[in-house]
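First comes the structure, then the notes that go with it.
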Amino acid sequence: MNKYRITKLVCYVGFVVQAIINNFLPILFVSLQDNYGLDYEKLARLIVVNFGTQTVVDLLTPKITKRFGYRTTAFLSQFTASLGLVMMGILPTVMADKYLAICISAMVYAAGSGLMEVVLSPMVEILPSDNKRGSMQILHSFYCWGQAFTIIVTTALVGVFGSKNWSFVPLIWAVIPFVNAFFFLKVPIIEPPADEKQATFLELLKRHQFRGYMLMMLCAGASEIAMAQWASLFAQRGLGVDKVIGDLAGPCAFALFMALGRVTYGINAKKLDFKKAMIILSILASACYLGVALSQSAVLSLALCAVCGLTVSIYWPAIYSQGAVDFKDGGMVMYSVFALCGDVGCAMGPWVLGIVADTLNLKAGFGVTSLFPITMLICTLVFIKTKKC
């Protein structure tokens with residue numbers, strides 16, 4: 001196990017990179033609105049471009065991994081992410097159509113994120129461990145730590161460079177995946193056996209429980225990302241609080257609570273009743289979304305945004321872990337399909353919220369989005385048969 005500690009560490013940094021990719025741009029939403037006059041729907045469309053691209057790459061990753069192996073795929077994921085971030089810092093300054101430049105750049109770094117999303121989890125899953133379920137939660141907790149880190153640093157960078165010079169932010173962030181890419185070329189990695197038997201997508205799709213897990217992953221992505229992506233703008237535009245306070249009390253606190261939930265669950269995974277935990281947390285997540293929609297207090301709304309991170313914390317990694325138990329022949333195909341469904345949810349949740357916000361208001365958007373954790377609750381009751389994850 002000691003031999004692979006550095007491998008785990010590099011994978012942890014990979015999840016931090018994914019957090020950077022998914023979370024730095026929403027912190028710049030107000031800057032984009034002020035500089036380019038983008039409405040809520042166009043901002044929401046940027047989220048769809050990001051996660052939509054990741055969804056396409058999710059489908060392709062099993063074939064890429066089979067052809068090139070874990071090591072090369074992991075390297076490509078980091079290098080492509082770095083390239084996209086560099087493009088985000090340069091293209092909008094040289095292209096006449098600023099929105100198109102942002103979309104093109106987002107598609108490139110999203111492709112890197114899609115690769116790492118599918119390959120990093122099975123890379124860690126295959127490593128020797130006496131608590132694989134806990135290891136998966138710890139791995140995914142680094143996404144949350146990375147999210148909080150991204151929000152704090154991005155907010156600070158905007159304060160230093162100013163809203164008009166936001167393009168310096170992605171250029172600085174590009175350094176981390178660029179350096180991490182070359183670590184993946186050196187660390188010890190266990191490649192999957194060449195003759196490992198895996199079910200095909202159609203074989204998995206025929207299973208009633210697998211289809212239920214696909215829906216749960218969609219709800220996991222939507223429940224998590226809708227709050228994370230809109231909390232900053234909601235705090236500033238909807239609640240009228242200062243940007244720094246809004247970022248720290250909204251999406252940053254959300255990320256820290258989510259990290260706390262994943263680490264706590266990871267340490268105690270062997271002792272906790274998974275199904276009961278999912279039921280309780282889904283009820284609380286629904287209450288958070290509805291509370292934000294109905295509350296007239298800015299303090300309470302920000303508190304609910306933060307606590308929502310705890311309530312959705314175990315969704316994504318726990319379904320991955322339970323899937324590995326329930327679908328032992330799922331392999332890379334299972335991870336790919338789960339990631340795809342999660343990314344569809346990541347795109348759908350914020351997009352639905354943005355459309356409702358344009359049509360009615362932001363609070364109504366949060367109210368409608370509560371349907372995702374409510375659906376997760378129903379799915380947990382129907383499809384989760386085993387107790388512990």
Side-chain angles (χ1 to χ4, degrees), residues 1 4 7-8 11-12 14-15 18 58 61-62 70 116-145 190 192 196 198-199 204 207 209-221 223-224 258-282 285 310-343 345-346 376-377 379-389:
M1 295 183 191
Y4 296 104
T7 307
K8 285 188 175 182
C11 289
Y12 293 160
F15 265 78
Q18 190 178 26
D58 290 341
T61 302
Y70 282 166
M116 69 184 78
E117 184 170 41
V118 177
V119 76
L120 295 184
S121 291
M123 276 182 65
V124 171
E125 181 73 24
I126 203 172
L127 298 179
S129 173
D130 58 1
N131 183 11
K132 288 183 177 291
R133 293 159 180 168
S135 294
M136 189 63 69
Q137 291 283 345
I138 299 298
L139 173 67
H140 283 256
S141 76
F142 274 84
Y143 178 91
C144 311
W145 300 122
I190 300 177
E196 183 180 38
Q198 293 185 8
L204 290 170
R207 303 175 191 178
Q209 189 180 19
F210 188 80
R211 296 195 298 272
Y213 273 49
M214 290 173 64
L215 179 57
M216 292 177 71
M217 280 303 304
L218 186 150
C219 293
S223 300
E224 177 182 325
M258 187 161 64
L260 178 63
R262 286 179 176 175
V263 170
T264 302
Y265 189 87
I267 294 172
N268 299 283
K270 291 183 176 180
K271 298 180 290 185
L272 294 175
D273 186 313
F274 170 56
K275 187 169 184 175
K276 287 183 179 178
M278 288 287 285
I279 290 172
I280 293 171
L281 291 178
S282 294
L310 177 65
T311 66
V312 301
S313 60
I314 72 169
Y315 282 0
W316 196 295
I319 295 170
Y320 267 33
S321 295
Q322 191 62 44
V325 173
D326 291 344
F327 311 105
K328 297 186 183 298
D329 59 347
M332 182 62 73
V333 174
M334 181 198 73
Y335 285 105
S336 173
V337 174
F338 281 0
L340 182 152
C341 294
D343 283 336
C346 289
M376 177 68 83
L377 172 62
C379 287
T380 300
L381 294 170
V382 175
F383 296 111
I384 298 299
K385 306 300 180 184
T386 53
K387 289 186 176 181
K388 292 187 177 180
C389 181

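Hydrogens, waters and symmetry mates are skipped; everything else that's a heavy atom, side chains included, is used. All values derive from a computational prediction rather than experimental measurement.
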Checklist entry - Can you list the steps and then say if Y320 with Y335 is a ring-ring contact (aromatic ring centres under 6.0 Å, His included)? => result CA-CA 7 Å; Y320 267 33; Y335 285 105; 5.5 Å; yes
Next on the checklist: Within the 3.5 Å criterion, strictly below it, is a donor on S121 or H140 matched to an acceptor on the partner's side chain?
Outcome noted: yes
Checklist entry - Is the closest side-chain heavy-atom distance between Y213 and R207 below 4.5 Å? => result no
Next on the checklist: Is there a ring-ring contact (aromatic ring centres under 6.0 Å, His included) between F210 and F338? Walk through the geometry before answering.
Outcome noted: CA-CA 10 Å; F210 188 80; F338 281 0; 5.5 Å; yes
Item to check | Q198 side chain near P62 side chain, heavy-atom distance below 4.5 Å | outcome: no
Next on the checklist: Can you confirm whether L204 sits close enough to V333 that some side-chain heavy atom of one is under 4.5 Å from a side-chain heavy atom of the other?
Outcome noted: yes
Checklist entry - Are I138 and Y12 side-chain neighbours, meaning at least one heavy-atom pair lies under 4.5 Å? => result yes
Checklist entry - Is a side-chain donor or acceptor of S321 paired with a backbone partner of A318 at a separation under 3.5 angstrom? => result no
Checklist entry - Quick one: does I384's side chain get under 4.5 Å of M278's, heavy atoms only? => result no
Next on the checklist: On a heavy-atom basis, which atom in G266 and which in Q137 lie closest, and how many Å separate them?
Outcome noted: CA-CB, 3.6 Å
Next on the checklist: Measuring only between side-chain heavy atoms, which start at C-beta, is V263 closer than 4.5 Å to C144?
Outcome noted: no
Next on the checklist: Just to verify, what does T380 make a side chain to side chain donor-acceptor pair (under 3.5 Å) with, not counting sequence neighbours?
Outcome noted: none
Checklist outcome for this item: For R211, the salt bridge (charged side-chain N to carboxylate O under 4.0 Å, His left out) test, sequence neighbours excluded, returns none
Checklist outcome for this item: Sorted by chain and number, sequence neighbours left out, side chain to side chain donor-acceptor pair (under 3.5 Å) with E117 holds for none
Checklist entry - Any sub-3.5 Å donor-acceptor pair from S141's side-chain atoms to A259's backbone N or O? => result no
Checklist entry - What about F142 and F15, are their ring centers closer than 6.0 Å? => result no
Checklist entry - Quick one: do the S282 and Y315 side chains pair a donor with an acceptor below 3.5 Å? => result yes
Checklist entry - When you look at Q322 and V325, which way does the side-chain contact (heavy atoms from CB on, under 4.5 Å) test go after all the steps? => result CA-CA 5 Å; Q322 191 62 44; V325 173; 4.2 Å; yes
Item to check | Side-chain touch M214/F383, heavy atoms, less than 4.5 angstrom | outcome: no
